[in-house]
S.K.: 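Handing you a structure now.
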Amino acid sequence: MKIIEKNGNIIVQGLRDFNIGQTLECGQCFRFDKICEDDYILVAKGRILHIEQKEDDIIFYDTGLEDFNLIWKEYFDLNRDYGLIKKSLLKKDKVLQEAIHSKSGVHILNQDFFEMLITFIISQNKQIPHIKQIVELISNRYGEKIGEMCGKEYYSFPTVERLSKVSEEEFRDCKAGFRAPYLVNACRSVLEGRVTRDKLMNQSTEKVLEILTSIKGVGEKIANCVMLFGLSRSESFPVDVWIKRVMENLYFHEETKKDIIKEFAKEHFGEYAGFAQQYLFYYARDNKMKNVS
DNA sequence: CTCCAGGTCGTTG
DNA sequence: CAACGACATGGA
């Protein structure tokens, strides 16, 4: 990885195993707008980032070396060797070959814990474009304005303190529907310190799962998403409709319970289960994979 | 119109 | 413990 500072931009060269489009569109992230091919505006870490990929160059527009090193390098998980992860997964398992090869530029982002908790509570029983809409609405109403780009105003994701003051009715007005009381409850849990990033960071996977699922509206799947995307727990393996479908198609060849799939993934993919999950999820969704039988 | 979406909860058998 | 309907909202 070679980093160049030029005209107020940062250019990163020689990054293998990274594609900005795949990384943002794979379903882990909901706060971005596509300008054109491989060219995106992203909201994260309380700021706007215009980022573009031109062949092997990644351009972080209007970004200094300090912001890149302190914020974006970690956010985009640029220090991790994805080539090694893919090799390790493929060594054990040729079944993953197609999924990994077609989605080989996916990185798992290190996103904000609270934002992931709220976002994935919203995600239940909704399609990705809807999730994006609701998160944007909540940010526009309760976040801070952080700038303007291409004629659109951008707002940060709200703080715990601000969102804790939002009522159930107001969440319903943001189209959250039946999830509104869950959101109120989740905000309170974080504000009152029962569920915080610090508290979860040093716990065992089982304990983290137990604490997260103690929030009403957070089950196994959402807890695993929060762990994978918001707590850097790469052994997490969220099982949703798409993962169920793709696992049934590629491994079981018949209808299979989520618990069985989860256990299999833990055994089979081990510490890299989260990466396997994301390649499989994106691959299945992108190919509109059908149920078995 | 009907069906389903990155699910979870509460209720039944 | 497994199965099942309800839950808001919007798009196919």
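Letters A, B, ... are given to chains in the order of the sequence lines, protein chains preceding strands, and every chain is numbered from 1.
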S.K.: List the residues meeting salt bridge (charged side-chain N to carboxylate O under 4.0 Å, His left out) with A/E55, not counting sequence neighbours, and say none if there are none.
M.R.: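 Checked A/E55 against salt bridge (charged side-chain N to carboxylate O under 4.0 Å, His left out); zero matches.
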
S.K.: What residues, two or more places apart in sequence or in another chain, satisfy salt bridge (charged side-chain N to carboxylate O under 4.0 Å, His left out) together with A/D77?
M.R.: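 Here the qualifying residues are A/R80.
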
S.K.: Taking the ring centre of each residue, are A/Y142 and A/F157 less than 6.0 Å apart?
M.R.: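 Here the rings of A/F157 and A/Y142 have centres that are no less than 6.0 Å from each other.
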
S.K.: Determine whether the aromatic ring centres of residues A/F120 and A/F30 are separated by less than 6.0 angstrom.
M.R.: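 Centroid separation for A/F30 and A/F120: below 6.0 Å.
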
S.K.: Walk along DNA chain B from 5' to 3' and tell me the first and last nucleotide with an atom closer than 4.0 Å to a non-hydrogen atom of chain A.
M.R.: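 Contact span on the strand: B/dA5 to B/dG10.
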
S.K.: Under 3.5 Å, side-chain donor or acceptor atoms of residues 180-192 of chain A against the rest of the protein: list the pairs with distances, not counting sequence neighbours.
M.R.:
unit_1	atom_1	unit_2	atom_2	d
A/S189	OG	A/N185	O	3.0
A/S189	OG	A/R194	NH2	2.8

S.K.: For a 4.5 angstrom cut-off between non-hydrogen side-chain atoms, does A/K145 reach A/Y154?
M.R.: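 No - every pair of side-chain heavy atoms lies 4.5 Å or more apart.
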
S.K.: Base, sugar-phosphate alone, or nothing: which one does A/P129 contact when heavy atoms must sit under 4.0 Å apart?
M.R.: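 Touches nothing.
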
S.K.: Mind checking the P distance from C/dA8 to B/dT11? Whole angstroms is fine.
M.R.: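 Nearest-Å result for C/dA8 against B/dT11 at atom P: 15 Å.
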
S.K.: Between the protein and nucleotides 1-4 of chain C, which nitrogen or oxygen pairs are less than 3.5 angstrom apart?
M.R.:
unit_1	atom_1	unit_2	atom_2	d
C/dA3	OP2	A/K257	NZ	3.2

S.K.: Sequence neighbours left out, what pairs pass salt bridge (charged side-chain N to carboxylate O under 4.0 Å, His left out) with at least one residue falling in residues 211-227 of chain A?
M.R.: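 Non-adjacent pairs meeting salt bridge (charged side-chain N to carboxylate O under 4.0 Å, His left out): A/E220-A/K262.
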
S.K.: Using a 6.0 Å cut-off, check whether atom NZ of A/K258 has over 12 heavy atoms from anything other than its own residue.
M.R.: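 Above 12, so yes.
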
S.K.: Distances under 3.5 Å between protein N/O atoms and the N/O atoms of nucleotides 8-10 of chain C, please, pair by pair.
M.R.:
unit_1	atom_1	unit_2	atom_2	d
C/dA8	OP1	A/R172	NH1	3.4
C/dA8	O4'	A/F178	N	3.2
C/dA8	N6	A/N125	OD1	3.1
C/dA8	N1	A/N125	OD1	3.2
C/dT9	O2	A/K126	NZ	2.9

S.K.: Which residues satisfy the side-chain contact (heavy atoms from CB on, under 4.5 Å) test with A/T63, sequence neighbours excluded?
M.R.: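 By the side-chain contact (heavy atoms from CB on, under 4.5 Å) rule, A/T63 matches A/I10, A/L49, A/F60, A/D67, A/F68, A/W72.
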
S.K.: Just checking A/E220: base, sugar-phosphate only, or nothing, at a heavy-atom cut-off of under 4.0 Å?
M.R.: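 Sugar-phosphate contact only - A/E220 comes under 4.0 Å of backbone atoms but never of a base.
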
S.K.: Scan for salt bridge (charged side-chain N to carboxylate O under 4.0 Å, His left out) pairs involving residues 94-106 of chain A, sequence neighbours excluded, and state none if there are none.
M.R.: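 Non-adjacent pairs meeting salt bridge (charged side-chain N to carboxylate O under 4.0 Å, His left out): A/K103-A/D286.
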
S.K.: Do any pairs count as a salt bridge (charged side-chain N to carboxylate O under 4.0 Å, His left out) and have a residue in residues 202-212 of chain A, sequence neighbours left out, and if so which ones?
M.R.: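 Output for this query lists A/K207-A/E210.
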
S.K.: Does anything in residues 221-236 of chain A come within less than 4.0 Å of DNA chain C? Heavy atoms only, and list the residues if so.
M.R.: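 Here the set is empty: none.
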
S.K.: Applying salt bridge (charged side-chain N to carboxylate O under 4.0 Å, His left out) as the test, list every pair that has at least one member in residues 107-126 of chain A; sequence neighbours left out.
M.R.: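 Found none.
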
S.K.: Return whichever of A/Y182 or A/G27 has its heavy-atom-nearest nucleotide of DNA chain B closer to the 5' end.
M.R.: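 Here A/G27 is the residue nearer the 5' end.
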
S.K.: Taking the C1' atom in each of C/dA2 and B/dG6, what is the distance between them to the nearest angstrom?
M.R.: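 Taking atom C1' in both C/dA2 and B/dG6, they lie 23 Å apart.
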
S.K.: Of A/I243 and A/G217, whose closest DNA chain B nucleotide lies nearer the 5' terminus?
M.R.: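 Per heavy-atom nearest nucleotide, the more 5' residue is A/I243.
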
S.K.: Answer yes or no: does atom CD of A/E267 have more than 12 heavy-atom neighbours from other residues, nucleotides or ligands under 6.0 Å?
M.R.: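 Result for CD/A/E267: open.
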
